[in-house]
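One structure is given here, and the rest of the page talks about it.
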Amino acid sequence: MRKLTLFMCCLLFAIPMVFAQTVVKGKVSDSDGSPLSGVSIKVAGSQTGTTSAADGTFSLSVKDLNTNLEVTYVGYDRINVRAGSNLSNISLRSATSGLQEVVVTAQGIRREKKALGYAVASVDKKALELRPDGDVVRLLNGKAPGVDILNSSGMSGSGTNIIIRGVNTISGSSTPLFIVDGVPFDASTNSQASFVYGNTTSSRFLDLDPNSIENISVLKGLSATTLYGELGRNGVVLVTTKNSSTRRSNKKNEVTVSQSLFANQVANLPDYQDSWGGGFDNGVGFAFFSNWGGKFKTPADSVAHPYDRSSSSAFGTPWRTAFPQFVGAKLAYEPNNSVRDFFNTGIIRTTSVGVTSSVGATGTFNANYSYMDDEGFTPGNRLIKNTFGLGGNAKLSNKFTVGGTFNYAITDFKSPPTSTSFGSNPSASSVFGNLIYTPRAVDLFKLPYENPLDKSSTYYRGGNDIQHPIWTVKNSFTGQKINRIFGNMSLKYDIAKDWNLLYRVGYDQYSDYNYYNQNKGGVVGGADFQLGMHRTVNGYNSIWDHSLLTAYQTDINKDFRLNIDAGVNSQERLYEQNGMRSTQQLVYGLFDHDNYINHDNFNEGGGRIDFKSRTLSLGAFAQGLLSYKEYAYLTVGGRNSWSSNLEQANRSIFYPSASLSFLPTSAFAGLQNSRILNYLKLRAGFSTSANFGFPYNTRNILNINTNVFVDRMNTVFNSNSIGNRLANPNLSPELQQEFEVGFEGRLLNNRLNVDFTYYNRNSKDQILDRELDPSSGFTVTSINAGSVSNKGIELQLTYNIIRNKNWTWDFTTNYFQNRSKVTLPSDVKQIVIDGFTNEGLFAINGQPLGVIQASYTKKDPKTGLRLTDGLGSYVSSNEIGIVGDPTPDFKMSGISTLGYKGFSFRMQWDYTQGGDMLAYTPGTVVGRGLTKDTDFDRFLPLILPGVKADGTPNDVQVSASYAYFNVLSGFFGMQDLIVYDATQIRLREASLSYAVPTAKLSKTPFGALSVTFSGQNLFYNAPNFPKYVNFDPETSSLGVSNVRGLEYLSGPTSKRYGVSVRVSF
Amino acid sequence: MKKIFILVLSVSLLGSCTKKLDELLVNPNGPTPESANADLYLTQLQLNFASFFSGASSFGMELTRQTVMYGPTYQAAYSPQSFDGVWSTAYTGVFKHANALIPVAEAEKKWIAAGMAKTMKAYTLITLVDMFGDIPYSTANLGSANTNPTIDKGADVYAAAVALLDAAIADFGKSTAFPGNQDMFFGAADAAGATKWKRVAKLFKLRALNNTRLVDAGAKGKIDALLADADVVATLTGTNDFEFKYSTKQANPNSRHPRYNGNYVAAGGPGDYMGVYLMWSLAADKGTFNNQEARNTSDPRTRYYFYRQTTDNAAVSSNSLSCSTFPVPSHYTTGMPFCQFGLGAQGFWGRNHGDNSGTPPDGPYRTTVGIYPFGGDFDVNQGAPVGLNKGAQGAGVQPIWQSAFTYFVAAEAAVALGTAGNPRALLESAIRASIAKVLGFPSTVNVAVIAAAVPSAARITAYVNLVLARYDKATTVAAKMEVIQQEYYISLWGNGVDAFNNYRRTGKPGGMSYTVAQAGGNMIRSHYYPSVLVNLNTNITQKTIDKQVFWDNNPAGFIK
C-alpha cells in the first residue's frame, strides 16, 4: 500500500498539471490493462462518487483538483489518487496481498477476507494447471492444511479420498460437498461391488478438468459451510471454472492453447534377492507360491518345464496336447525380473484450448476444451477424458444480469481388476494379486499365459491355481464410461442500488456405464469368474438445485455497515441404477449378454444391482454481517433444513452460526506502520450443522427374492425374507458443533505470512449403523448415539525469502494435525467402519476413530515379550484387539518457489509423521522369501524372539521358511506382525518453467509463451517398512472410504514427469 | 418487508414440498412387510435351515477327521469369527423366519407349514446348544425390544426345543392344507407327507434323548417309550430319510450341494482335503482297497464316498505331499493312520489332522468328495482331475437324519442303557441300511454305475460279518460301544453335527488320529462364542473351548 501511494505520488510530479476544471475523466483497469467496470470512485470523506462504465471509464465532478479520490473495487487493493492527476490509466492491483482480498463464501456470497471469522484455503489455478494428473483433488494434496487426500491406488483414474478436518461420522459419508460455479456437483464414487472384488472405481470429481479451473477454495469449518446446510458439514470444495469468469480480456479475444506430454511409471517395486528360488525349506520347488526353495547355482540347475504335465486341464485339454513343445523340456532354475518387466511406461497427453472473449459492452464469453489421455503404468489401465465448457455473462440494460455455464464431460476409464489378496491368491481376478510375489525362478514372459486350444489361463503351478497376470490383462476388464452435463443458469435483478435478487438453477446429470468383463478360462474367484462373466450396470445420477437469494447492504451510520444475505434452496438428488450380470460365456472373446448362459441382477458380492434412491433437502437461510469501522466484523447466520431421509417429526432442524473477526492492526493506531507486524487479524467462530443420514432407514421393507432355488424337478422357488436391517422410525438428525479460533498475520515487512487455526468439532447423537448380535434377529440398525470429536491445528506459514528485481523465492509450509475421539454408549461395544469384522477399522469408545483391530500375538504380561508355543511359533490371540491407529500424528508440506526472471522452479515436499498401516504387501514379499530382506543363509535354523508359557526364553529352533512364512508373514492370525508405522516423506511435485518475456513476444502473434517441465511423486521414503520392500503407503485397498490403513496387495504407486508448452494469442 | 417476502416464499415452497418429503420416505426398493406370504416364508426358512445344517456340519466334520482341520492346535483351529456365519444363519435365517411364519400359517390353518417351522427351529436350537452350550433363547429374536439378549441354560433350551417338537407333532396331526411343492424335503402333497414329518419330529426327540442320556436319569424310560411309538417303529422297519436335496442347477441360481461347488471346480483343484482317518476307516481298516475291483476287500461304500484324482502314487513327492517323507509322529498310538496310511499307491491323498503347513501344488492330486452324499463323481479309477459338472453334478444331499442313524441310536441306547432291542441286530440293520442308502444313491440322481463296480451282496455280507465278529469279540460295554460308534461314524459322512456329538458323548471311535503336532491340545468340548455375539452383545463374555455342554459329563481331556 505504502509503496503504491509513493508510486502514485511520483506519477503526480512526473506529468504536467492539469488546471482547474470541475469534471475529471479517467479510466480504470487491472494490472493486465483490462478495463474494470463497476469500480467505485468517491471523493474522499463525502458521499459524492460514481462507478466506472463497462469500458472502465468514468467522469466525476470535483470542486477541487487537490481532493483525493478513493478508488475501490471488490477483489482489488483500494487506492487514493489526486483528482488533478492523470486519471487516464488508473491501475488497480489484484488483492493478492490479502488486506482487500475478496473471497467467495457459501452460496456465492462475496466477502472481503478480512471480514471472515473462519479459515478459508484457496488454491489458485497456477497450482492446478499443466499437471500430469487429471484428478483435481489429487492435485490439492498438501496444498491446503486441513485437507487430507489419499489415492486409492496408483492406477490412472482410480478413486480418491478427500477428508476435511477429520472424519466426523462413524457410519455416514465424509465426502465434502463439491460446488462448481455455485451449484452442487456430485462427487461420489459409485463402486459396484465390495472392494474385495477389486473393481476399481473412479471418483466423480474426475470429470472436472484441472486446466479449466480458475480457482478452488476449500471451506473447512462449519462456520464457513452452515449456509450450505447438512450437505456442507464435511467441508465444501468451491470450484470456480474459467467458463464462469466475468473477467473481460484486455484484448477482445484471447486464445490459450497448451499441450503436455508426460511419462507415467511405476514408482516402487521391491528389491528382490537373486540367491534363492521357489520352494519350501530350501528344496527346489519351481511350482511353489513361496520362494523358500533352493539356492541358485552357476551354472543353473534345470527343472522340468512346468507345462510338461501328465494331467489334463479342468477345461478339458491335456497339457501335453496343448503344449507339445514343452514335453520333456527343461527350464533353468535362475532368477528373473518378471515383476519389473511386467509394467510399462504410460504416456499421458493433454491438450487444452481456452477462449475468452468480450461481447458487446458488458458481456463475456468463455469456452474451454480439454482432452486427456492418461495411460497407466499397468497394462490395460487407461483414462481418456474430453471436457467441453461454455460460459457467458451479460449485464442487460433493464437491471437484469444473466449468466450461465454449460459443461459436458466424457470420461472413459478402464483398468484390469485388482481384487484383494491376502498374499496367497486373490479373492477374484487381480492384476497385482499374484504378480508381486512371483517366485524368482519364474519368468512369466516365457511361460505362455493361455492354453492355445481353449484360451484358458496357464501358469507355473501344478494345480494351475494361479491366474497368469498377463491372462488377466488380456481377458479381464473393468471400467466406467461417463457422460455428464453440468452447469447453471442465473438471473439477477437489481431491485435497488444495494439490493438484488438472484434466482439460480443448477443441474448435474450423468449416466455412468460400469462394466466388468471377463472371458472364460480364468482360474480364480470361483465358477462365476472362471466360466466368464459380463456385468453391465447403468447408473443415472441427477441433482436439481434451485436457489433464490437476496443480498442487501446498507450503511447504518458512519461506523456501522450491514450486509444481509438470505435465501431458500431446494436440492433433489436421485441415483438410480440397473443392470445385469451374466455368467458362463459361450463363445470365447465376445462380451455380449446374449453370449452368456445365465443372467441375473446381483453383483459379484451378491448385492442387488437394481436400486434407486431419491432425497430432497430443503433449506431457508440468512446471514448478516455487521462491520464496524473496517476492523471489526460480526457474522451471524443460520439455516433451517428439512430432509426427506427422516420421519416427519424429526426431519426439520435449525442450526445457527456466529463468527467474529477483529483487526488490531487497523483498530489501534499504535500498531500501525510497524515494520515488524504489518497486519494481524484475530478470528473466532462457533457454528453448528446437521446430518440426516442415509435414506430409507426408518421403515422396514420385505425382501422379495425370486428364483432362489431350483430343485430336481425344476421347480423354481421364490421367497420372502425379512431383511437384516432393523428400521428405526425415531431416528433424528445428528448435530455437529464446531468452535474455531485463529489468526492471520503478516510480519517482517510483509515477508512472513502466518495463518493459524485451532478447531474443535463435536458431532453428537451420531446416526450410527450399529451392528447387532444376530440373536436379536437383526444384524444392523441405525441409532442416534455416541459422538465423535475432532480437534486439530492448521497452520500455514509463507516466507518471502528473496524478492528483488530478478530473484524471488517463496517458501510455504502447511501443517495439519487432527485428533479424533469416539464416545459410544455403554451398550455398544464397537462398530466396524470398514474392512472385515475380524480385521478392520473400528469405532471404539475412548479411541480415535478408525483404529485397526485384528488378531495379534499374545504377550507375556510380565516381560511384555511375545509368547511362543511348543512349535516355536507365536501364540495367536484368537480374537481381535487394537493393533494400530492409522491416524497420522501430523502432516506437513513444504512448497518452495524460486523465480529468476522468466524462470520458475517449484518443489513440493510432503511429510507424514506416524499413522499405522496393516499391509499385506510387505508381509507377503518378505514372508514368501522374495526380497533382499531375506537374503541370508537359510540353512541355519532360527529362534523367534519371545518367551515360553513358563516365562523362560523361547529356545525352539525353526526353519527360516517356517519362521517367515508360518509366523512373520501375518498369514496365520498374527496380524500385529504386519502392522507398520507409515511415516513417509515425498517429493510430491517439482517443476521448472520458463515464460518468454512479453517484450520478446511483441513482434510475434503470441501474447504469452511458456514451457514447463514437471513431475509428480518423484521420490518417497517410508523408513519403517521392511527395507527392500520399498513399500509406498500412499494407497488404500478399501477404495474410497472414511477410513484407511488396510492394504491387500493393492499394487504400486505412480511416478509422472514430462513437459508442457503453453501459448496464448 | 424483505423478511415477509422471504417468509412467504419459504412457506409456499416448503408447503408444496411437504408432500414430497413424505413420499420420499417410502423405500422404492421393496414392498412393505404387510405383504408377506406364508408359502414364500416357508421357502426362505427351509433354505436357511439347510444352510445352517451345512455350516454346523462343516465344523464337526473337521473335528472328527472327516475333512481336514488345519489347527495346528484345537486352540488355534477356530477363532470366534469362524462361527459368525452359522450364528447369523440360525437367528436371522431360521428363527426369524420360523417366528414370522408360524403365526401367519396358524392363522391361515396351514398346520403342516407351522409344524415344519417348529421342527426345523427345534433342531436348530438343539444343534446350537450342542455347539456352544448356553445360548440366548427366551430373550432372543425380539428385535428392537431387546438388542442385547441374555443366555439361557443349555438344558432349558433343549427342553424348549422338545416342547416345540411336541407342538409340531400335534400340528402334523391337524393336516388340512398340505404344502405340496413348497415342502422341499418330502413334497408333502397328502397325509403321507405329513406323516413323514411327524416321524421326523419324533426321531428328533429320540435323538435329543440319546444326546442327553448321560445326564438324564429317566433316559431309559423315555427312550423305551419312543422306541415303542408306532411312528418310530415304522421308521425302524422302513425308511424315513430326512435330507435336504440339491439339484444339478449350476447357476441362476446355483442349487448344487455347497461342498460340490467348492470341490468340483474348473481350475485349481478341489477346495477340501479329505481327512486321513476317515479314508483309512473305509479303505484300509477292515480290508484293502484295490483298483482291481475283484480284489477289493475294503468298505463297500469307499468308491461312493471318495473320488480320487489320481489312482497311483506317481505324483507323490516331498514337494507335493510333504508328510510322505515324515515318520509317523511319535505321540501317535499304535495303528493311528498317518499320511498315506500305506495306501498311497492307490492315490488316497488327504491331509493329517491339524496340518497347517502351506498348500503345496497338489490341486490335481487331492482326493475329494464322492457321489454320496455330495453329488460328486463315482470312483471307477478314472484318475482324472475334477471338473465342473462331473459325476452327479452336485445333486447331493445334506444327510440330516438318515434311517440308519435311528438304528445306531437304538443300538447305542440298548448297550448303554439296556433299552429295548438286541444291539447286535440293531447294529447289523444300521450298517445294512447305511450301505443300502449309499449304494442306492446314484440311481436317485440319475447316475448309472457300471455293474462291475457295484459291491456284490456277498461282499456286503462279508463286511457286515466282519463288523459283527468284532462286536462279538467285544466283552465290555466300552468295547461294544467302540464297534457301534465306528460304524455310526462311517455312516455319518457329511453329517459332522452328530459325529461331533457322538465323539463327545461316547469318546468313540477311540483310535482317531491325533493332531500332528504333539502340542495340539484336547478336543474342543464346545466352541468359542461367535465374535458377533461377544463383540456386539453387552451381556455376553467369551468362554473357553474346554467348557463342556450340559449333557457332556465326561472327564476333562478324555478325548483328543
Side-chain angles (χ1 to χ4, degrees), chain A residues 285 287 290 311 314-315 461-465 523 527 530 566 568 583-584 598 600 611-612 614 616 618 620 642 644 696 699-703 707-712 715 717-722 724 726 771-779 827 829-830 837-838 869-871 876 878-879 965, chain B residues 6 9-10 13-14 17 20-21 24 27-31 33 35-37 40-41 43-44 47 76 79-81 87-88 91-92 96 100 136 140-141 143-144 147-149 181 245 247 249 251-253 255 266-269 319 358 361 363-364 385 387-388 395 517 519 532-533 535-538:
Chain A
S290 280
S311 57
F315 293 101
R461 290 263 298 177
N464 204 35
D465 47 1
V523 301
Q530 292 165 354
V568 287
T583 50
Q584 292 191 34
N598 298 303
D600 64 37
F611 67 87
K612 39 187 168 294
R614 186 192 288 265
L616 175 65
L618 304 173
W642 293 263
S644 65
Y696 313 132
R699 297 183 185 186
N700 276 328
I701 57 166
L702 189 70
N703 292 331
N707 193 25
V708 286
F709 190 81
V710 175
D711 75 5
R712 293 179 188 174
T715 311
F717 287 84
N718 306 311
S719 80
N720 275 157
S721 63
I722 303 167
N724 283 334
L726 180 63
E771 283 191 278
L772 297 174
D773 166 14
S775 66
S776 67
F778 297 87
T779 58
D827 62 339
K829 279 189 184 172
Q830 58 191 22
T837 49
N838 63 335
D869 62 12
L871 308 172
S876 166
N878 247 335
E879 59 186 6
F965 176 76
Chain B
I6 291 166
L9 260 174
S10 313
L13 179 68
L14 296 174
C17 288
K20 193 153 193 186
L21 288 172
L24 294 180
N27 189 337
N29 299 301
S35 54
N37 170 303
L40 296 179
Y41 270 146
T43 307
Q44 187 68 33
L47 291 172
S79 65
Q81 214 247 337
W87 190 260
S88 186
Y91 284 95
T92 66
K96 183 163 65 179
N141 286 95
S144 48
T147 52
N148 289 299
N181 266 348
K245 299 180 192 70
S247 73
K249 194 94 165 72
N252 195 31
S255 305
N319 272 348
L388 288 163
V532 284
L533 173 66
N535 293 332
L536 302 174
N537 186 326
T538 52

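All values below were derived from every heavy atom in this structure, side-chain atoms included, with hydrogens, water molecules and symmetry-related copies excluded. Numbered from 1 within each chain, the chains take letters A, B, ... in sequence-line order.
A heavy-atom distance below 4.5 Å is not found between the side chains of A/F778 and B/T147. Side-chain atoms of A/N838 and B/S79, non-hydrogen and from C-beta on, never get closer than 4.5 Å to each other. Looking only at side-chain heavy atoms (C-beta outward), A/V710 and B/P253 come within less than 4.5 Å of each other. Residues A/Q830 and B/N535 are in side-chain contact: their nearest non-hydrogen atoms beyond the backbone lie under 4.5 Å apart.
No donor-acceptor pair closer than 3.5 Å links the side chain of A/R699 to the backbone N or O of B/N27. A/S719 contributes no side-chain N or O that, together with a main-chain N or O of B/Q44, makes up a donor-acceptor pair within less than 3.5 Å. B/N29 places a side-chain N or O within 3.5 Å of a backbone atom of A/K612 that can act as its donor or acceptor partner.
Per-residue counts of heavy-atom pairs under 4.5 Å with chain A were compared for B/P31, B/S88, B/G30, B/G143; the largest is that of B/P31. For the set A/P774, A/G870, A/S721, A/S876, the entry with the most heavy-atom pairs within less than 4.5 Å of chain B is A/P774. Ranked by heavy-atom pairs shorter than 4.5 Å toward chain A, the options B/V532, B/L24, B/L533, B/N148 are led by B/L24. Interface remark: of the candidates A/T715, A/N700, A/T779, A/N724, A/N724 forms the most heavy-atom pairs closer than 4.5 Å to chain B. Note on A/V708, A/N703, A/L772, A/N598: by heavy-atom pairs under 4.5 Å with chain B, the leading option is A/N598. Contact count against chain A (heavy-atom pairs under 4.5 Å) is highest for B/A251 among B/A519, B/A251, B/S35, B/G269. Most heavy-atom pairs under 4.5 Å with chain A, from the set B/N537, B/T43, B/L40, B/N141: that is B/L40.
For B/L47, the part sitting under 4.5 Å from any heavy atom of chain A is the side chain, from C-beta outward, and nothing else. Looking at B/K249, only its side chain comes within 4.5 Å of chain A, counting heavy atoms on both sides. For A/I722, the parts lying under 4.5 angstrom from a heavy atom of chain B are both the backbone and the side chain. The contact between A/S775 and chain B is made by backbone and side chain atoms together, counting heavy-atom distances below 4.5 Å. In this structure, chain B has heavy atoms under 4.5 Å from both the backbone and the side chain of A/L616. Both the backbone and the side chain of A/A287 have a heavy atom closer than 4.5 Å to some heavy atom of chain B. Both the backbone and the side chain of B/N37 come within less than 4.5 Å of a heavy atom of chain A.
Note that CG of B/N181 and CG of A/D711 are 7.0 Å apart. Values are rounded to the nearest 0.5 Å. Atoms OG1 and CG, on B/T92 and A/L726 in that order, are 12.0 Å from each other to the nearest 0.5 Å.
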Item to check | Evaluation steps, side-chain contact (heavy atoms from CB on, under 4.5 Å), between B/Q81 and A/T837 | outcome: CA-CA 8 Å; B/Q81 214 247 337; A/T837 49; 2.8 Å; yes
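Here the closest non-hydrogen pair linking B/P149 and A/D773 is CD-OD2, 4.1 Å. Of all heavy-atom pairs between A/R712 and B/A395, the closest is NH2-O, 3.0 Å. Across every non-hydrogen atom of B/S247 and A/F709, the tightest pair is N-CZ, 4.5 Å. A pairwise comparison of heavy atoms in A/L702 and B/P33 identifies CB-CA, 4.0 Å as the closest pair.
The side-chain hydrogen bond (donor to acceptor under 3.5 Å, both in side chains) test with B/N252 singles out one residue from A/T583, A/N707, A/D600, and that residue is A/N707.
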